[in-house]
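Report on one structure; see the data block that follows.
If you're wondering where the values come from, they're calculated on a predicted model, not measured in any experiment. Chain letters run A, B, ... following the sequence lines, proteins first, then strands; residues in each count from 1.
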Number of protein chains: 2
Amino acid sequence: MGTISNALSLLNHYSETRAEIGLAEFKQLSGRDKATTYRYLTELVDFGLLEQDPVSRHYRLGPAVLRLANVRESVFPLRNAIQAIIDRLSEATSETAHASLMQGLTLSTLAKRESPKHAARVSFSQSQIIPLHATASGLAILATSDDKLLEQVIKGTPERYTVFTHADEAALRDAVAKAAQSGFGISDQGYEEEVYGIAVPFFDEHACAIGTVAVACPTSRVSPELTELVKRELIVAGRASTKTRGGTIPAKLEEAWSRSGF
Amino acid sequence: MGTISNALSLLNHYSETRAEIGLAEFKQLSGRDKATTYRYLTELVDFGLLEQDPVSRHYRLGPAVLRLANVRESVFPLRNAIQAIIDRLSEATSETAHASLMQGLTLSTLAKRESPKHAARVSFSQSQIIPLHATASGLAILATSDDKLLEQVIKGTPERYTVFTHADEAALRDAVAKAAQSGFGISDQGYEEEVYGIAVPFFDEHACAIGTVAVACPTSRVSPELTELVKRELIVAGRASTKTRGGTIPAKLEEAWSRSGF
DNA sequence: TTCTATCGGTTTATTATTTGAAATAGTGTT
DNA sequence: AACACTATTTCAAATAATAAACCGATAGAA
């Protein structure tokens, strides 16, 4: 750990519940010399990563973090980052992977990749609008969102796509409960015949599910080994997507995953 | 300038038009040794301010900037609210509007919007660091801040950007005095040719100017009607921004505005 | 008031770390 | 094979960190 890392690590002491930190407190937190801490702070202020309250003389996160975040988003929006995650997910599982973003009461595809490993694979339209009640991604969202969302979906009289679709209220509630319990949204031919999907959501800074990453494969290829691998990779992808967004994963979901043995 | 400032200044090379930068390019840009540059970069990557593309090995702004921005916004919400104000301002004036925050002796862009009404419009880089002496926003700040700020700017030998830049002390003092008198910072091609800007500051709870809202338009489109409209809308936007921040507008500025007939 | 303690900020000499330049390896391109 | 680039090493020279002391302001207690 060099000087830069030491100085930057000061920034990690800020959180939603810690907006301002004074010099003495920083000296305490970092364990370094007061003069050094002070020099770190003034350099961070000079760059704008921190700013100093003129009256309390305490330090808080500065305008530069906003400026940099603006640049990153305008140049490297969420989509590109998620695409990379999806590519990796598809590569690791040798199956079709996709990411979607919440859009009203549906999900819209954000990125996808079909693995070239298998000729028989699930194909996805980039422009597809995905219903919440009939897909793995939808169940993952419903299981980790406010209950009001589920009630809205039920009120909208979910469409039946296949004989396996959870089109009636009881079946849907049951599927959502199962997803909440396991930490994975799973759809066995609920949207299209012969397609088995597994999904996990990713989250924004309020631990609110904003989208999903998912893997879809032909039912003929489903096996305990494959689902185990897919689930493991989905957790990685879900974490990465959440991190990219600067979000946090709710503790409930982490618990569900560890209940499921991950 | 210490190590930290040197390392952080690498981040300033990113902009909307520069998403990824490689090691050799950074060495060029920073003028430092290759090994040092490399050490800087790896430390910035470790913290997450940068991330490295696994294939091109180039560096781009990392997830930490989003995380930090989220923390700052959740604890000190400003950007989202100001963005809405800027959108409205741009909509109402059919011109490019932007907001900036004080950062040391410069301003850093917080939000912007270009009106789609005109094909010929002023484009703004989100990453831009704005000098105080040459821009409408800067003059608005200088006119409503402690005189010490102006003295510091003068001591810093203001750079000349165009033939219109108030680069000498007398011209700058005059421009600031005019801004204080009228209540508006105005820059006629002081920073960029063909760009006319008008700005008003917004304030914190100590009636201290912390940022600006501004409108920029091509000089060819400037007219009494437009400047009148822009000024009216700027006052609205400045009040709204100040209110969002929980600040108060100094009586002096209110008087200047009413002197100007608003 | 005066004494004391705390906090932000600054200085100093000594000690420890970082830097720069050059040399070297690996990698992918032309 | 030559080239351009990232990555890593070496070590004398340059720079930063440390600890301790000190300043000035502020706040509370005697």
Exercise. dA7(D) C1' sits how many Å from Phe26(B) CZ, rounded?
Worked result: 16 Å
Exercise. In whole angstroms, how far is the P atom of dG8(C) from the CD atom of Gln28(A)?
Worked result: 11 Å
For this session: Give one of base, sugar-phosphate or nothing for Gln52(A), where a contact means two heavy atoms less than 4.0 Å apart.
Result: sugar-phosphate
Exercise. Are any of Arg57(A)'s side-chain N or O atoms less than 4.0 Å away from OP1 or OP2 of dG9(C)?
Worked result: yes
For this session: Please report how far the helix from dT1(C)-dA30(D) to dT30(C)-dA1(D) bends, comparing the axis fitted to its first five pairs with the axis fitted to its last five, to the nearest 10 degrees.
Result: 40°
Exercise. Considering all heavy atoms of both residues, which atom of Ala64(A) and which atom of Leu49(A) are nearest to each other, and what is their separation?
Worked result: CB-N, 3.7 Å
For this session: Assign Tyr59(B) to base, sugar-phosphate, or nothing according to its heavy-atom contacts below 4.0 angstrom with the strands shown.
Result: sugar-phosphate
Exercise. Expressed in angstrom and rounded to an integer, what is the separation of Lys27(A) atom NZ from dT18(D) atom P?
Worked result: 10 Å
For this session: Determine, stepwise, if the pair Arg239(A) / Glu254(A) fulfils salt bridge (Lys or Arg N to Asp or Glu O under 4.0 Å).
Result: CA-CA 10 Å; Arg239(A) 281 197 217 282; Glu254(A) 295 280 9; 2.8 Å; yes
Exercise. Any luck finding a side-chain donor-acceptor pair between Thr17(B) and Ser15(B) under 3.5 Å?
Worked result: yes
Exercise. Under the ring-ring contact (aromatic ring centres under 6.0 Å, His included) rule, what pairs show up with a residue in residues 1-39 of chain A, not counting sequence neighbours?
Worked result: Tyr14(A)-Phe26(A)
For this session: Flag the pair Lys178(B) and Asp174(B) as a salt bridge only when some basic side-chain nitrogen lies within less than 4.0 angstrom of an acidic carboxylate oxygen.
Result: yes
Exercise. Which pair of heavy atoms, one from Ala81(A) and one from Arg72(A), lies closest together, and at what distance?
Worked result: CB-NH2, 4.1 Å
Exercise. Hey, does the side chain of Tyr38(B) come within less than 4.0 Å of dT6(D)'s phosphate (OP1/OP2), counting only N and O?
Worked result: no
For this session: Taking only the side-chain heavy atoms of Ala24(A) (C-beta and beyond), determine which of dG9(C), dT6(D), dC7(C) contains the nearest atom.
Result: dC7(C)
For this session: Would you check if the side chain of Arg160(B) reaches a backbone N or O of Thr162(B) as a donor-acceptor pair within less than 3.5 Å?
Result: yes
Exercise. Rounded to the nearest 0.5 Å, what separation is found between the CG atom of Leu50(B) and the CG atom of Leu44(B)?
Worked result: 5.0 Å
For this session: Taking all heavy atoms of Ser74(A) and all of Glu16(B), pick out the closest pair and write down the distance.
Result: OG-CG, 3.2 Å
Seminar exercise, completed: Expected string for nucleotides 14-22 of chain C under the B/S/- scheme (protein heavy atoms, under 4.0 Å, primed atoms plus P, OP1, OP2 as sugar-phosphate) is ----SBBB-
Exercise. Can you check the Leu23(A) CG to dA25(D) P distance for me, whole Å?
Worked result: 18 Å
Exercise. Would one find a side-chain N or O of His58(A) under 4.0 angstrom from OP1 or OP2 of dC7(C)?
Worked result: no
